[in-house]
Student: 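The structure is given below, and queries will be raised subsequently.
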Protein chains: 2
Amino acid sequence: MTQDMQRTPSQVCVFRRHEFLARADERKDCVLRIEEGWAAQYRLLPDGRRQIITLFLPGDYCEPQWLLQGRATLPIVALTRVRARLLPHRSIQARAPHEEDSMTRVLDAVLALLRNREKWIFNLGRMTATERLCNLICELHSRMAARNCVAVQDRYCMPLTQYDLADIVGISPVHVNRVLQNLRSDGLLELRNRWMQVLDMVQLKRLGEIMPGQGEHVPRAA
Amino acid sequence: MTQDMQRTPSQVCVFRRHEFLARADERKDCVLRIEEGWAAQYRLLPDGRRQIITLFLPGDYCEPQWLLQGRATLPIVALTRVRARLLPHRSIQARAPHEEDSMTRVLDAVLALLRNREKWIFNLGRMTATERLCNLICELHSRMAARNCVAVQDRYCMPLTQYDLADIVGISPVHVNRVLQNLRSDGLLELRNRWMQVLDMVQLKRLGEIMPGQGEHVPRAA
DNA sequence: CGTATCGTTGATCTAGTTCAATAAGCGTGG
DNA sequence: CCACGCTTATTGAACTAGATCAACGATACG
């Protein structure tokens, strides 16, 4: 598919599930804008441990920093069928600051990525399994909502398997299942057949969202 | 100290231990370059849980992304006495690409930050306590080495308390202590009075460093 | 309609937490 | 110089969140 990308600059291209959008250390002269489907960037250990580092949803730039570094660092795989538009670096640089897919927009996406990683470092370091999952669900909801991908009654398509979820929040798949059971039985959400329905966003946020709590005092362990 | 910063653009300024280099949401028209001392960016929960997100060492740009977003997101505190040079955005933009403290250099630092966070998301999500600590020690060693701050025999000044270490690697201070005991008794390192001496870097790397292992197969939980 | 993937459940185990107490450093003022 | 108070390091004992193992049921899909 790399070949396709070379042949058809500024075009749309499609990846089947499990196909790679990027491989480690691959050269990149385009940024992708996901138009449909979900993709994930991950790191894998020889012993099988996997951690998903970044999730790409419809509307996201897939690796905006490629614009600056011209190279992928980690593999990116399609979690569903993915349709993406290729944005050659040149065409991005050519656009006026306030246009769609301009330099400014792409750099903003880099900053957003950086902030999102702040959040996940915190999550993985200091939140419980339930908190992490709630947090993820809220994040997905708000990102999907921002792209107008949430239907009535807070329903949205959530194609991640419980294995995927486990590899995002850094827990085991079995435990993901158990936490989801709890959230379901507490009436916070419904999740079946790749459709997520948030039933009690307030409570979900309370369980998962990180409080502002930017302590002004000297930081020290509790 | 914000006042000092306004009054003396392009100057050096000094922070005592526990003083803030930045507060959440503060406006920033300078990037700092740390000349001496260590600082940390962290997030704190009302219940006392703290996670250090970024560590700034001598030679590092402290929050290069301020150049792009003009604003801090999280508090940054001095872990030791810190001396830092103020680099106003204007002066950075004025420099030629290959100069010290040019736009290019600062953007490279943003990219490095992004990659370092990839690594830590992986660490926190999928590595054991021992692996995380070894990994951190190796990272500190190589960052200090890059700044010529490592003396003979792999000795370097490591001012982090065990509480700090705990809040970086996302485990409890007590457990940090125990893991360090193990590493000491295995003859991998020496650590006393804020001085770290790495005795067996090879073994330490093996325990902590992330193998390339970029699996080419379909990612799935082990 | 058979086969691989995905979800669910129970039982057992363990890495790491929490609590609590003590010891060792270390700066500061008298 | 010493005494005091505070921070940091160390250790043990009890506990728990979450992992691991294993089996089985449900889906989906070619």
Student: Is there a donor on the side chain of B:Arg194 or the base of C:dG25 sitting less than 3.5 Å from an acceptor on the other?
Tutor: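 Looking at the base of C:dG25, it does not pair with any donor or acceptor on the side chain of B:Arg194 (distance under 3.5 Å).
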Student: Rounded to whole angstrom units, what separation is found between the OH atom of B:Tyr163 and the C1' atom of C:dT18?
Tutor: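 Going from OH in B:Tyr163 over to C1' in C:dT18 covers 12 Å.
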Student: Remember a base hit wins even if backbone is also touched, and classify A:Arg184 as base, sugar-phosphate or nothing at under 4.0 Å, heavy atoms.
Tutor: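 Sugar-phosphate, backbone atoms only, no base.
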Student: Using whole Å, what does the distance between atom P of nucleotide C:dC6 and atom CG of A:Leu165 come to?
Tutor: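 Distance, rounded to whole Å: 12 Å.
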Student: Look only at the side chain of A:Asp200 and the backbone of A:Leu188, and say whether a donor-acceptor pair between them is shorter than 3.5 Å.
Tutor: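 No.
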Student: Without swapping roles, check the side chain of B:Arg17 against the backbone of B:Leu79 for a donor-acceptor pair under 3.5 Å.
Tutor: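 The answer is yes, because a donor-acceptor pair under 3.5 Å joins these two groups.
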Student: Could you check how far CE of A:Met127 sits from C1' of D:dA17, rounded to whole Å?
Tutor: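 Going from A:Met127 (CE) to D:dA17 (C1'), I get 15 Å.
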Student: Send over the distance from B:Gln181 CD to C:dG16 P, rounded to a whole Å.
Tutor: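 Taking CD of B:Gln181 and P of C:dG16, I get 16 Å after rounding.
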Student: Considering only NZ, NE, NH1 and NH2 on the basic side and carboxylate oxygens on the acidic side, decide whether B:Arg155 and B:Glu190 come within less than 4.0 Å.
Tutor: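 No, B:Arg155 and B:Glu190 are not salt-bridged.
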Student: Does B:Asn193 have a side-chain nitrogen or oxygen under 4.0 Å from the phosphate oxygens OP1 or OP2 of C:dC26?
Tutor: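 B:Asn193 to C:dC26 OP1/OP2: side-chain N or O found under 4.0 Å.
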Student: Considering just the side-chain nitrogens and oxygens of B:Asn177, establish if one lies under 4.0 Å of OP1 or OP2 belonging to D:dA9.
Tutor: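 Looking at the OP1 and OP2 atoms of D:dA9, neither is under 4.0 Å from any side-chain N or O of B:Asn177.
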Student: Measure CZ/A:Arg126 against P/C:dG16 and give the value in whole Å, please.
Tutor: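 That distance rounds to 13 Å.
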Student: Between B:Asp60 and B:Arg143, is the closest basic N to carboxylate O distance under 4.0 Å?
Tutor: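 A salt bridge is present here (some side-chain N lies under 4.0 Å from a carboxylate O).
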Student: Whole Å only: how far is the CG atom of A:Asp164 from the C1' atom of C:dC6?
Tutor: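 Value for this atom pair: 11 Å.
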Student: Can you tell me how far C1' of D:dC29 sits from CZ of A:Arg81, to the nearest Å?
Tutor: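 Taking CZ of A:Arg81 and C1' of D:dC29, I get 17 Å after rounding.
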Student: Going by modelled atom types, is there a donor-acceptor pair between the base of D:dG12 and the side chain of B:Arg178 at under 3.5 Å?
Tutor: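 When only heavy-atom distances are counted, B:Arg178 does reach the base of D:dG12 through a donor-acceptor pair under 3.5 Å.
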Student: Which part of the nucleic acid does B:Arg192 contact within heavy-atom distance under 4.0 Å: base, sugar-phosphate only, or nothing?
Tutor: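 B:Arg192: no heavy atom of the nucleic acid under 4.0 Å.
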Student: Do side-chain atoms of A:Thr80 reach the backbone of A:Gly37 as a donor and acceptor pair under 3.5 angstrom?
Tutor: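 Here the side-chain-to-backbone pair does not exist.
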Student: Want to settle it: does A:Thr130 or B:Thr161 sit nearer the 5' end of DNA chain D, counting the closest nucleotide to each?
Tutor: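 Here B:Thr161 is the residue nearer the 5' end.
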Student: Whole Å only: how far is the CZ atom of B:Arg17 from the C1' atom of C:dG27?
Tutor: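 Taking CZ of B:Arg17 and C1' of C:dG27, I get 12 Å after rounding.
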